[in-house]
Amino acid sequence: MSQSDHSRQRRRRRPRKAAGLLVLLALIGYFAVRYDSNDGGGPPHCTAGVVAGADESGQGGTRQSYDMSPEQAANAATIAAVGVSKGLPDRAVTIALATAMQESALRNLNHGDRDSLGLFQQRPSQGWGAPDQIRDPVYSSGIFYDHLVKVPGYSRLPLTVAAQKVQRSGYPQAYAKHEPDAMVLTAAFGGRGSLTCGGPAPTTPGDPEKVRAELVRIFGKKVLAGHGGAPSATGDGGRGIKEAEISVPLKPDGDEAEERRGRALAHWAVANSRTLGITRVSYGMRGWTAGEAKGTWQARGGTGKSGGGDPYHADANEIRIFVAQ
């Protein structure tokens, strides 16, 4: 090939490279605009985090985190919440989460090996329940825990051994690689960790009665004790969104177990906000608002567009969930 031919080829490549660069820059600009227009929320996403090794004042330590899609976060939150509602220790929750991470990547699958289904790839033919039951995250989590607690000394066993005694997997060692991330999720949903869920606020109305029904299914009939009436209508918090409020009482001066239940419940609501149309969650001196503050929890008087992270001033004995109407 002559030198002039090479020169013509290079000239043809340059416009292609330039066009490719323009497309890339346009995409970056598009996502930047989306990010800024949503108060930094960006595309829907959730992150669980915990600071390991911090002292009693919360100083020092190393931050560990785990990123998820909203679907994965909602399923992880349900697995954790069912374990907490049963009064099981963190170790049980970690085992369940690591198992589901391996079996389904925290997705509620409608397929699998042979007749395996759901988060834990449980098989109807092996007595785990009907297909519709197994595809219900609350049911599948509950029956996993029911089998786990029958394993003698499960909390002291290596995670791979405990999970294998329940699952009878062909690859039992595969559970081990998920243990560190499962511990982060356990801390985020019921311990001293955190959960952030960013992305746009719900654009369609939610169903307050469905939220109430899910709370009862997971946490029991007493979860709404003293608040048995219909959800109350509220103002829009200055954000132009009509909302219905569901108030969940906690025991006054509750012990550590009650605090754990409160954290699991509040974080469950945040993780399920997109599917249930939840716009805000208030718990203690902090609040979470969909589409604001990059999906983080804000202290009272925080930086969210509504002028405060917790405009309705929930206290330590109450969780307030607001559903778009």
Side-chain angles (χ1 to χ4, degrees), residues 46 48 50 52 64-69 71-191 193 217-218 257 260 264 267-268 271:
C46 294
V50 64
Q64 301 172 351
S65 62
Y66 183 76
D67 295 326
M68 299 168 284
S69 68
E71 176 196 2
Q72 290 172 312
N75 288 328
T78 296
I79 292 169
V82 171
V84 170
S85 70
K86 286 177 171 288
L88 298 177
D90 284 350
R91 183 61 176 170
V93 175
T94 297
I95 294 169
L97 286 166
T99 301
M101 293 167 83
Q102 170 59 29
E103 297 290 357
S104 67
L106 294 173
R107 294 172 298 157
N108 193 13
L109 301 178
N110 62 2
H111 61 274
D113 178 45
R114 287 169 285 189
D115 59 338
S116 299
L117 296 169
L119 291 171
F120 297 91
Q121 289 292 277
Q122 295 155 338
R123 298 179 59 191
S125 64
Q126 300 301 307
W128 286 95
D132 287 347
Q133 290 178 308
I134 292 173
R135 286 265 297 151
D136 174 4
V138 177
Y139 172 88
S140 63
S141 299
I143 199 168
F144 177 89
Y145 286 120
D146 290 346
H147 281 70
L148 179 64
V149 297
K150 295 177 182 178
V151 176
Y154 75 87
S155 62
R156 299 185 299 274
L157 294 174
L159 186 144
T160 53
V161 175
Q164 175 64 359
K165 287 184 176 294
V166 176
Q167 295 293 105
R168 306 296 181 184
S169 169
Y171 305 95
Q173 295 305 314
Y175 300 118
K177 63 179 178 285
H178 300 289
E179 185 168 2
D181 289 332
M183 292 175 68
V184 172
L185 290 175
T186 299
F189 288 114
R217 282 209 316 138
I218 295 172
R260 181 174 178 244
H267 288 147
W268 173 87

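Of the possible donor and acceptor atoms, one in the side chain of Asn75 sits under 3.5 Å from a partner among the backbone N and O of Leu106. The backbone N or O of Leu157 lies less than 3.5 Å from a partner atom in the side chain of Arg91, making a donor-acceptor pair. Using a distance-only test at 3.5 Å, with no hydrogens or angles considered, no donor-acceptor pair links the side chain of Glu179 to the main chain of Ala98.
Put simply, CD1 on Ile143 and CG on Asp136 are 11.5 Å apart, with the number rounded to the nearest 0.5 Å. One distance of note links CD1 of Ile134 with CG of Asn108; it measures 10.5 Å at 0.5 Å rounding. The OG1 atom of Thr78 sits 8.0 Å away from atom CG of Leu119, with the distance rounded to the nearest 0.5 Å.
With sequence neighbours left out, Ala73 forms a side chain to side chain contact (heavy atoms under 4.5 Å, CB included) with Cys46, Met68, Ala271. Every side-chain hydrogen bond (donor to acceptor under 3.5 Å, both in side chains) that Thr94 has, sequence neighbours left out, goes to Thr186. Listed by chain and residue number, nothing satisfies the salt bridge (charged side-chain N to carboxylate O under 4.0 Å, His left out) test with Arg135 (two or more places apart in sequence, or in another chain).
In this structure the side chain of Lys177 reaches within 4.5 angstrom of the side chain of Gln102, judged on heavy atoms. Two residues are said to be in side-chain contact when any heavy atoms from C-beta on lie closer than 4.5 Å; Leu159 and His178 fail this criterion.
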Using a 3.5 Å cut-off and no angle test, enumerate the donor-acceptor pairs between side-chain atoms of residues 167-174 and protein atoms at least two apart in sequence or in another chain.
{"unit_1": "Gln167", "atom_1": "NE2", "unit_2": "Glu103", "atom_2": "OE2", "d": "3.3"}
{"unit_1": "Gln167", "atom_1": "NE2", "unit_2": "Phe120", "atom_2": "O", "d": "2.9"}
{"unit_1": "Ser169", "atom_1": "OG", "unit_2": "Tyr171", "atom_2": "N", "d": "2.9"}

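Applying the side chain to side chain donor-acceptor pair (under 3.5 Å) test to pairs two or more places apart or on separate chains, those with a residue in residues 140-166 are Lys86-Asp146. A side chain to side chain donor-acceptor pair (under 3.5 Å) check over residues 114-133, counting only residues at least two apart or in different chains, returns the pairs Asp115-Arg123, Asp115-Ser125, Arg123-Ser125.
Between Ile95 and Ala162, the closest heavy-atom pair is CD1-CB, 3.8 Å. Taking every heavy atom of both residues into account, Val184 and Ala48 meet most closely at CG1-O, 3.7 Å. Closest approach of Ala81 and Ile218 over heavy atoms only: CB-CG2, 3.7 Å. The nearest pair of heavy atoms linking Leu117 to Pro124 is CD1-CG, 4.2 Å. Residues Ala52 and Gln64 approach most closely at CB-NE2, 4.0 Å, considering heavy atoms.
Atom CE of Met183 is surrounded by 12 or fewer heavy atoms from other residues, nucleotides or ligands within 6.0 Å.
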